[in-house]
Amino acid sequence: METAVPALGIDVGGGSAKIGIVAPDGALLAEDVVASDPAWSATRLLDAYLDVANRLQASLGLVSLAGVGIGLPGHIDSEAGTTRLCNVRALDDFPIVRHVHERTGLRVEIENDATLAALGEHRFGAGQGSDRFLTVTLGTGIGVGFVENGRSFHTSNGTLGDIGHVIVDPSGTRACRQGGRGCLEAQASALALQERFEALPGREAGADDGRDLEALFDRARAGDAECARIVADAARDIAAAMVSWMHILDPDRIAGAGGVSVAGEVLLSPIRDGVARLAMPTYGARADLRAAILGARAGLIGAAALILSALPEP
């Protein structure tokens, strides 16, 4: 049973957090972004998020909210209401749920940010109607979320494990941020693609005004051979990882979010070709690969969907 009252969503990122109030139909009623100072404590960070949320609620004239959903870029301990190995180190092992509940008096739920991107897309975007829905987000890392029959699915640590670190190049020398080598994050994350793009001969640092990833895809579309090779290599590695996930999770639909949706068909098309070549036919024929719809707001809307889609408490 859904409530008619909007919910608050907080999507915490490494450098900032998106704050938004979301209606039961998925409409984003108000939103803002809060920059995160690495020197801030967990209390100061969370209070800054909630101060913005209070301002947004007041601007809409809302007397109450259904609850608070929070997406975190790390492992999740739902029972303790905490996160670990979070990209925002101040939040590690801090009682997030307790603190936010004490400040707001509302129901509070936390979840991994990639899982929330999948939940948001499943409820309001490209995953509607799917029974087994996988979302792959190309960002600073590789985020993967899975929704089965409308509910988020976990394997370990409140996530799908460290699924973005599946090995795609056993001889790889490039290291990811966590020190792994040959994994998908090391080979094909947005950070890895940007580094390869910036290293191209004759290219000046900062030449694309901070939109390196978009510029890479634009140049690949325009026929730049070096950029096309970077994109092709990434598509090969993403397809290899995606087939492994398909063989384990058997999704009926896959949505590419983040940099994948920014790239569009210049990246999606060779990924589909790679999947068709590598996958067992029964899995390859079943999965429908498409671009995500909600874009950068998928995690924020998914955070609110944690509350909006929840069954009543016993």
Side-chain angles (χ1 to χ4, degrees), residues 7-14 17-18 20 22 26 67-88 91-92 96-97 100 107-128 130-166 184-185 189 241-242 245-246 248-261 292-311:
L8 173 64
I10 301 175
D11 182 16
V12 179
K18 300 181 184 72
V22 181
V68 185
I70 305 173
L72 297 158
H75 292 173
I76 303 296
D77 185 336
S78 296
E79 290 187 8
T82 61
T83 182
R84 295 200 68 193
L85 297 179
C86 185
N87 285 346
V88 183
L91 295 177
D92 272 356
I96 296 168
V97 169
V100 174
R107 173 178 180 159
V108 182
E109 300 282 351
I110 61 173
E111 181 62 274
N112 174 261
D113 57 352
T115 302
L116 288 184
L119 189 62
E121 285 289 341
H122 181 267
R123 188 166 175 81
F124 301 115
Q128 293 182 84
S130 168
D131 293 327
R132 301 180 65 82
F133 178 63
L134 187 75
T135 297
V136 181
T137 302
L138 179 66
T140 306
I142 302 286
V144 186
F146 188 61
V147 176
E148 181 182 30
N149 297 323
R151 294 182 179 275
S152 56
F153 179 83
H154 307 133
T155 57
S156 63
N157 298 312
T159 66
L160 288 178
D162 286 301
I163 194 169
H165 295 275
V166 62
L184 185 62
E185 284 202 7
S189 67
M242 196 171 286
W245 303 330
M246 289 165 60
I248 296 168
L249 297 170
D250 189 23
D252 57 41
R253 192 176 306 163
I254 302 171
V260 180
S261 58
I293 292 175
L294 301 180
R297 294 182 174 90
L300 173 59
I301 294 173
L306 269 180
I307 302 298
L308 297 172
S309 64
L311 294 172

Item checked: Residues that Phe146 engages under ring-ring contact (aromatic ring centres under 6.0 Å, His included), provided they are two or more places apart -> Phe153

Next item on the list: For Ala114, check side chain to side chain contact (heavy atoms under 4.5 Å, CB included) against everything at least two apart and list the hits.
Entry: Asn112

Checklist line | From CD1 (Ile163) to CG (Leu249), nearest 0.5 Å | finding: 5.5 Å

Which pairs of donor and acceptor atoms, one on a side chain in residues 292-303, lie under 3.5 Å apart (sequence neighbours left out)?
unit_1: Arg297; atom_1: NE; unit_2: Glu31; atom_2: OE1; d: 3.2
unit_1: Arg297; atom_1: NE; unit_2: Glu31; atom_2: OE2; d: 2.9
unit_1: Arg297; atom_1: NH2; unit_2: Glu31; atom_2: OE2; d: 2.8

Item checked: Point-to-point distance, once rounded to the nearest 0.5 Å, from NE2 of His165 to CG of Leu184 -> 9.5 Å

Next item on the list: Look at the side chain of Glu121 and the backbone N and O of Ala126, then say whether any donor-acceptor pair between them is shorter than 3.5 Å.
Entry: yes

Check: Taking all non-hydrogen atoms of both residues, which atom of Gly256 and which atom of Ser261 are closest, and how far apart?
Finding: O-CB, 3.4 Å

Next item on the list: List the atom of Arg253, the atom of Ser130, and the distance in Å for their closest heavy-atom pair.
Entry: CB-OG, 3.9 Å

Next item on the list: Quick one: closest heavy-atom pair of His75 and Thr83, and the distance?
Entry: O-OG1, 2.7 Å

Next item on the list: Could you grab the distance from atom CD1 of Ile96 to atom CG of Leu72, nearest 0.5 Å is fine?
Entry: 4.5 Å

Note to self: Atom CZ of residue position Arg132 - does it have more than 12 heavy atoms of other residues, nucleotides or ligands inside 6.0 Å?
What the structure shows: yes

Margin query: I'd like to know whether Val144 forms a side chain to side chain contact (heavy atoms under 4.5 Å, CB included) with Val166, so could you lay out the CA-CA distance, the side-chain angles of the two residues, the decisive distance to 0.1 Å, and finally the verdict.
Written below: CA-CA 11 Å; Val144 186; Val166 62; over 6 Å; no

Next item on the list: Measure the spacing between CG of Leu306 and CG of Leu8 and express it to the nearest 0.5 Å.
Entry: 11.5 Å

Next item on the list: Please identify each residue that fulfils side chain to side chain contact (heavy atoms under 4.5 Å, CB included) with Asp77, with sequence neighbours left out.
Entry: Glu79, Ala80, Thr82

Next item on the list: Would you name the heavy atoms of Ala304 and Ala7 that are closest together and state the gap between them?
Entry: O-CB, 3.8 Å

Margin query: I need the minimum non-hydrogen distance between Glu185 and Ile142, along with the two atoms involved.
Written below: OE2-N, 3.1 Å

Note to self: So Met246 and Ile254, do their side chains get closer than 4.5 Å, heavy atoms only?
What the structure shows: yes

Checklist line | Nearest-0.5 Å distance that lies between atom CG in Asp92 and atom SG in Cys86 | finding: 6.0 Å

Next item on the list: Kindly indicate, with the supporting measurements, whether the criterion side chain to side chain contact (heavy atoms under 4.5 Å, CB included) is fulfilled by Trp245 and Leu160.
Entry: CA-CA 10 Å; Trp245 303 330; Leu160 288 178; over 6 Å; no

Next item on the list: List the atom of Gly150, the atom of Leu119, and the distance in Å for their closest heavy-atom pair.
Entry: O-CD1, 4.1 Å

Item checked: side chain to side chain contact (heavy atoms under 4.5 Å, CB included) against Asp113, all qualifying residues, sequence neighbours excluded -> Asp11, Pro73

Check: Which residues pass the side-chain hydrogen bond (donor to acceptor under 3.5 Å, both in side chains) test with Ser152, sequence neighbours left out?
Finding: Glu111

